[in-house]
J.: 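The following block contains the structure, expressed as structure tokens.
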Amino acid sequence: MQRGSDRLSRHRDDEMKHELQGLLRSGHPTRSEEWNDPEPTADDDPQVWGGPVAPGSDGASLETVRLELARLLGRSPFPATSVELGRVLRRKNAPDALAEAVEGLPRKENYANVQELARALTRTEGTR
């Protein structure tokens with residue numbers, strides 16, 4: 001239904017979408033909005049591009065595990081037990097290996113922040 005407040009007709013809108021489709025699907029920057037282009041990684045950023053990060057896997061250092069947990073959990077669920085954190089990770093569609101590692105931590109232990117959780121994960125994986 002047309003309300004009369006549209007600047008363009010429905011047909012012109014479809015035509016413009018068709019014209020831009022190649023640019024948007026190419027994966028290259030369009031240069032129309034430079035602020036929207038992704039920022040390249042820094043030299044000291046942890047390497048998380050190789051797939052899901054899970055404790056005990058290749059390249060799963062304390063920093064990479066902490067970064068992945070912080071990305072998924074944020075600040076809201078803390079302080080919490082491993083059972084509560086496991087539920088939050090499952091709800092946010094975390095990789096199964098990471099969620100299972102968190103659920104495998106001692107149930108009565110309380111974690112105040114992501115740093116404590118990452119230390120517990122990397123410490124238990126290193127001792128196994």
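This structure is a prediction, so every number in the text was calculated from the model and none was measured.
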J.: Which heavy-atom pair separates G86 from V102 by the least distance, and what is that distance?
T.: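 Between these two residues, the closest heavy atoms are N-CG1, 3.9 Å.
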
J.: Which pairs of donor and acceptor atoms, one on a side chain in residues 15-22, lie under 3.5 Å apart (sequence neighbours left out)?
T.:
from: E15; atom 1: OE2; to: R12; atom 2: NH1; distance (Å): 2.9

J.: Kindly write out the residues that satisfy side chain to side chain contact (heavy atoms under 4.5 Å, CB included) with R87, not counting sequence neighbours, or none if the list is empty.
T.: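 Once residues adjacent in sequence are excluded, the partners of R87 under the side chain to side chain contact (heavy atoms under 4.5 Å, CB included) criterion are V83, E84.
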
J.: Working to the nearest 0.5 Å, report the span between CZ of R66 and CG of L121.
T.: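 One finds 12.5 Å between CZ of R66 and CG of L121.
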
J.: Taking side-chain hydrogen bond (donor to acceptor under 3.5 Å, both in side chains) as the definition, give me every residue that meets it alongside R71, ordered by chain and number, with sequence neighbours left out.
T.: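 Counting only residues at least two positions away or on another chain, R71 forms a side-chain hydrogen bond (donor to acceptor under 3.5 Å, both in side chains) with E68.
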
J.: Check salt bridge (Lys or Arg N to Asp or Glu O under 4.0 Å) between D14 and all other residues, then give those that pass, not counting sequence neighbours.
T.: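 So D14 forms no salt bridge (Lys or Arg N to Asp or Glu O under 4.0 Å) with any residue.
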
J.: Restricting to non-hydrogen atoms, name the atom on L73 and the atom on F78 that form the minimum distance, rounded to 0.1 Å.
T.: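 Heavy-atom minimum between the residues: CD1-CZ, 3.8 Å.
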
J.: Quick one: list whatever passes salt bridge (Lys or Arg N to Asp or Glu O under 4.0 Å) with E100, sequence neighbours left out.
T.: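 E100 satisfies salt bridge (Lys or Arg N to Asp or Glu O under 4.0 Å) with no residue once adjacent residues are dropped.
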
J.: Under 4.5 Å between side-chain heavy atoms, counting indirect links through other Ile/Leu/Val/Met/Phe/Trp/Tyr residues: same cluster for L62 and L105 or not?
T.: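 Unlinked, L62 and L105 end up in two clusters.
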
J.: When rounded to the nearest 0.5 angstrom, what distance separates OG1 in T81 from CG in N110?
T.: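 Atom-to-atom, T81:OG1 and N110:CG are 6.5 Å apart.
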
J.: I'd like to check Y111 versus P79 (side-chain heavy atoms, cut-off strictly below 4.5 Å). Are they in contact?
T.: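 Side-chain contact under 4.5 Å: no.
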
J.: Does any non-hydrogen side-chain atom of L85 lie less than 4.5 Å from one of P77?
T.: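 When only atoms from C-beta onward are counted, L85 and P77 do touch, with a gap below 4.5 Å.
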
J.: Would a 4.5 Å heavy-atom cut-off, applied to side chains only, mark L67 and V114 as touching?
T.: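 When only atoms from C-beta onward are counted, V114 and L67 do not touch, as no gap falls below 4.5 Å.
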
J.: Which residues pass the side chain to side chain contact (heavy atoms under 4.5 Å, CB included) test with A94, not counting sequence neighbours?
T.: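 By the side chain to side chain contact (heavy atoms under 4.5 Å, CB included) rule, A94 matches L72, L89.
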
J.: Going by salt bridge (Lys or Arg N to Asp or Glu O under 4.0 Å), name the pairs with one or both residues in residues 104-116, residues two or more places apart or in two chains.
T.: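 Qualifying pairs, neighbours excluded: none.
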
